[in-house]
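The figures here come from the full heavy-atom set of this structure, side chains too, leaving out hydrogens, waters and symmetry mates.
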Protein chains: 2
Amino acid sequence: MDLAEGKARFIQSWGTLGSHWGINRTMAQIHALLLIAEKPLSAQEVIDELDISRGNANMNIRALIDWGLVFKELKPGDRKEYFVAEKDMWEVVKQVIIHRKKKELEPIVKVLNEISGVEGKGEEVEEFKKVIKDIQLFSSKADSTLNSLIKADQHWFVSTFMNMIK
Amino acid sequence: MDLAEGKARFIQSWGTLGSHWGINRTMAQIHALLLIAEKPLSAQEVIDELDISRGNANMNIRALIDWGLVFKELKPGDRKEYFVAEKDMWEVVKQVIIHRKKKELEPIVKVLNEISGVEGKGEEVEEFKKVIKDIQLFSSKADSTLNSLIKADQHWFVSTFMNMIK
DNA sequence: TTTAAGTTTCAATACTTTTTGAAAGTTAAA
DNA sequence: TTTAACTTTCAAAAAGTATTGAAACTTAAA
């Protein structure tokens, strides 16, 4: 396998991975391209490399910047914007956790709080409340755990989890 | 809020949550319905409650069984199959981790192993290999961590993570 | 056997999400 | 100012995913 093929395979796979993580294929591919680029790339270079439209490239670069996975870089004397990827995987994962927690966990916690106040009495209501309470408990634990992870640094993360492996 | 409304809201929200987790909306809604059902439900009851087609119900119930999130239950003297949900959230999360790890992490690890063998010399190749190696390292750590989590029981999980929260 | 209750499959359809491309907007230099 | 390089927006089209419903299949009891 030569370099060009390796790069193409990586971009392709990263795209597939991203689509499982709330990052659409193009967005993940742009991130992959920037990860393995030796220098900051302009929007035009991204468009040419991935063969996508200008609109698509622009939208997804903005989204990546929003997620904190890509940074804008300006070169003196050049009007173009250049882009570089966050290359520290632990930072990447943390950013993804932050976004997904907000989009996924927080809404369900909110709903659980609301419905745990359902009115009425009887076996059926009690049973329902019990199920909801269990899930609520689990969700708030998950939420705290993720908050800790987000605050933690990589060294801490690695050493804690490495201890788990016998 | 009364019981019926609470149940409807829960089913709806669980469906939305699922769709972020590789579980499609209907699949997650069936799981939610079974979670809060006081008794095992037949396919027909699922169809009626959620107002979905027989084919859709069947496909998604099979998928839930496949994922280990729902179990088949047979009543003596009754040809219908009845279904109950796994209600232990920790078990649910573990099953989801197992499936998603297989679908998401393992393919990228495989690709990384392949492309880390790219041929050629020069600055560019070395730089590429370095980036890939970093991601490889991170991925295998993530893989081990998830394996440990899958083997761990809930008590262990909760106590370990609770310690993280100051 | 035959029947009927129940389950599974799958091509067609509906729905959702992503992508395009052209037009509008912005801004630094001439 | 005006120009031109570059960025952003957004409606329409394409691509991808989920759902339906009818037909085929399975199986236990009559």
Rounded to whole angstrom units, what separation is found between the [atom1] atom of [X] and the [atom2] atom of [N]?
X: I23(B); N: dA18(D); atom1: CD1; atom2: C1'; result: 15 Å
X: E81(B); N: dA5(C); atom1: CD; atom2: C1'; result: 12 Å
X: K80(A); N: dT27(C); atom1: NZ; atom2: P; result: 18 Å
X: W21(A); N: dT17(C); atom1: CH2; atom2: P; result: 20 Å
X: M27(A); N: dT17(C); atom1: CE; atom2: C1'; result: 14 Å
X: D78(A); N: dA4(D); atom1: CG; atom2: P; result: 18 Å
X: I61(A); N: dT7(D); atom1: CD1; atom2: C1'; result: 10 Å
X: H20(B); N: dT17(C); atom1: NE2; atom2: P; result: 9 Å

Exercise for the section: Classify the side chain of R54(A) and the base of dT7(D) as holding, or not holding, a donor-acceptor pair under 3.5 Å. Expected result: no
Distance check: side-chain N/O of [X] vs OP1/OP2 of [N], anything under 4.0 Å?
X: T26(A); N: dT18(C); result: no
X: S42(A); N: dC6(D); result: no
X: R25(B); N: dA18(D); result: no
X: N58(A); N: dT8(D); result: yes
X: N24(B); N: dT19(D); result: yes

Problem - DNA chain C: 5'-proximal contact among Y82(B) and A57(A) (nearest heavy atom) - result: Y82(B)
Practice task
Could you state whether L137(A) and V131(A) fall into the same hydrophobic cluster, counting links through intermediate Ile, Leu, Val, Met, Phe, Trp or Tyr residues with side-chain heavy atoms under 4.5 angstrom apart?
Solution key: no
With respect to the side chain of [X], which nucleotide from [options] is positioned closest?
X: R79(A); options: dA28(D), dA4(D), dT19(C); answer: dA4(D)
X: R62(A); options: dT26(C), dC10(C), dT8(D); answer: dT8(D)
X: N56(A); options: dA5(C), dT20(C), dT8(C); answer: dT20(C)

Handout entry: Derivation and outcome, salt bridge (Lys or Arg N to Asp or Glu O under 4.0 Å), residues E127(A) and K130(A)
Key = CA-CA 5 Å; E127(A) 191 56 42; K130(A) 189 179 165 305; 5.4 Å; no
Any side-chain to backbone donor/acceptor pair from [X] onto [Y]? Under 3.5 Å, distance only.
X: K72(B); Y: F83(B); result: no
X: S13(A); Y: F10(A); result: no
X: E45(A); Y: S42(A); result: yes

